[in-house]
Amino acid sequence: MNCNLPKTITAGVTFRAAIQLPAQAAGWDALLYLRGPDSIDIEADVVGTTATFDVAPSETGPWSPGEYAWTIRATNGADVVEIGSGRTVIRPDLASLAAGAETRSENRIALDAIKAVLAKRATMDQERYRINNRELYRTPIKDLLALKEHYQQLVNDECCGGSKRGRIGSLRVGFGPTRG
């Protein structure tokens with residue numbers, strides 16, 4: 001049974017996903033429930049054991065960005081069966097964002113902050129000091145470099161499929177029905 005939704009969904013564009021229902025649920029109704037910053041319910045068009053969720057950009061546009069839990073349930077009125085569940089992230093509609101909007105991921109924000117601390121620390125030679133019984137301890141450079149490496153890998157995973165140096169390749173874009 002195929003019940004995988006995309007790991008990310010973009011608001012303001014067509015959302016289309018097709019899943020296979022178990023044979024015993026052929027012809028049943030199927031619903032996708034997304035719960036997170038919004039509460040989103042999507043009814044599928046079911047033909048045989050294929051349930052297709054199709055939402056127009058005008059409807060996805062107002063979806064709030066953030067992390068969502070999802071569940072797909074099939075029902076024949078009396079019985080309800082959970083077909084699958086998971087997590088997805090709804091990304092904002094970039095076309096509708098105002099200038100200056102924050103578009104960095106949490107990992108990118110953390111990486112940029114660590115880099116800023118390292119840049120400031122390059123001109124400081126002490127790791128700690130005391131003034132009038134108050135002490136300040138700075139994170140050791142070795143620890144900051146380890147954190148930088150950690151967050152750099154997370155950022156690479158987000159945008160480059162895990163490559164440390166980034167990756168240049170092809171991007172396939174399709175318009176039309178989802179292929180299995």
State, to 0.1 Å, how close [X] and [Y] come at their nearest heavy-atom pair, and which atoms those are.
{"X": "T50", "Y": "A18", "value": "CG2-CB, 4.4 Å"}
{"X": "L97", "Y": "A101", "value": "CB-CB, 4.0 Å"}
{"X": "P37", "Y": "G66", "value": "CG-CA, 4.0 Å"}
{"X": "L21", "Y": "A30", "value": "CD2-CB, 4.3 Å"}
{"X": "A11", "Y": "D93", "value": "O-CB, 3.2 Å"}
{"X": "D38", "Y": "P62", "value": "OD2-O, 3.9 Å"}

- Message: Going by the rule side-chain contact (heavy atoms from CB on, under 4.5 Å), which residues pair with V13 if we only count those two or more places apart in sequence or in a different chain?
- Response: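 Here the qualifying residues are T10.
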With the 4.5 Å side-chain cut-off for hydrophobic clustering, are [X] and [Y] part of the same group?
{"X": "V89", "Y": "W63", "answer": "no"}
{"X": "W28", "Y": "V47", "answer": "no"}
{"X": "I141", "Y": "V117", "answer": "yes"}

- Test side chain to side chain contact (heavy atoms under 4.5 Å, CB included) on Y68 and I9 and set out the steps. CA-CA 10 Å; Y68 286 76; I9 298 169; over 6 Å; no
Atom pair [atom1]/[atom2] of [X] and [Y] - distance to nearest 0.5 Å:
{"X": "E149", "Y": "N156", "atom1": "CD", "atom2": "CG", "result": "8.5 Å"}
{"X": "R87", "Y": "L5", "atom1": "CZ", "atom2": "CG", "result": "13.0 Å"}
{"X": "I42", "Y": "W70", "atom1": "CD1", "atom2": "CH2", "result": "11.5 Å"}
{"X": "Q152", "Y": "D157", "atom1": "CD", "atom2": "CG", "result": "10.0 Å"}
{"X": "I19", "Y": "I83", "atom1": "CD1", "atom2": "CD1", "result": "6.0 Å"}
{"X": "K148", "Y": "I114", "atom1": "NZ", "atom2": "CD1", "result": "9.5 Å"}

- Message: Consider side chain to side chain contact (heavy atoms under 4.5 Å, CB included). Of L31, I72, D45, which one does F53 pass it with?
- Response: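 With F53 as partner, side chain to side chain contact (heavy atoms under 4.5 Å, CB included) holds for just one option, I72.
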- Without swapping roles, check the side chain of T88 against the backbone of K7 for a donor-acceptor pair under 3.5 Å.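 Yes, the answer is positive, given that a donor and an acceptor are paired below the 3.5 Å cut-off.
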- Using modelled atom types only, decide if a donor and an acceptor are shared between the side chain of T49 and the backbone of A23 within a distance under 3.5 Å.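 Not a single qualifying donor-acceptor pair exists.
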- Message: Are more than 12 heavy atoms, taken from residues, nucleotides or ligands other than E106, located less than 6.0 Å from that residue's CD atom?
- Response: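 Not more than 12 within 6.0 Å, no.
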- Do other residues, nucleotides or ligands put more than 12 heavy atoms under 6.0 Å from the OH atom of Y151?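 Result for OH/Y151: open.
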- Item | Pairs involving residues 107-116, ordered by first then second residue, that meet side chain to side chain donor-acceptor pair (under 3.5 Å) (sequence neighbours left out) |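 Residue pairs passing side chain to side chain donor-acceptor pair (under 3.5 Å), neighbours aside: R104-D112, N107-E158.
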- Query: Who are the side chain to side chain donor-acceptor pair (under 3.5 Å) partners of D41, not counting sequence neighbours?
  - Reply: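 Result, side chain to side chain donor-acceptor pair (under 3.5 Å) vs D41: R35.
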- Step-by-step side chain to side chain contact (heavy atoms under 4.5 Å, CB included) determination, V155 to L111: CA-CA 8 Å; V155 168; L111 177 62; 4.0 Å; yes
- Going through the checks in order, is the side chain to side chain contact (heavy atoms under 4.5 Å, CB included) test met by I90 and I40? CA-CA 11 Å; I90 294 181; I40 303 167; 3.9 Å; yes
- Start with the C-alpha gap between V81 and Q24, add the side-chain angles, then the distance that decides, and say whether side chain to side chain contact (heavy atoms under 4.5 Å, CB included) holds. CA-CA 10 Å; V81 177; Q24 68 268 24; 5.8 Å; no
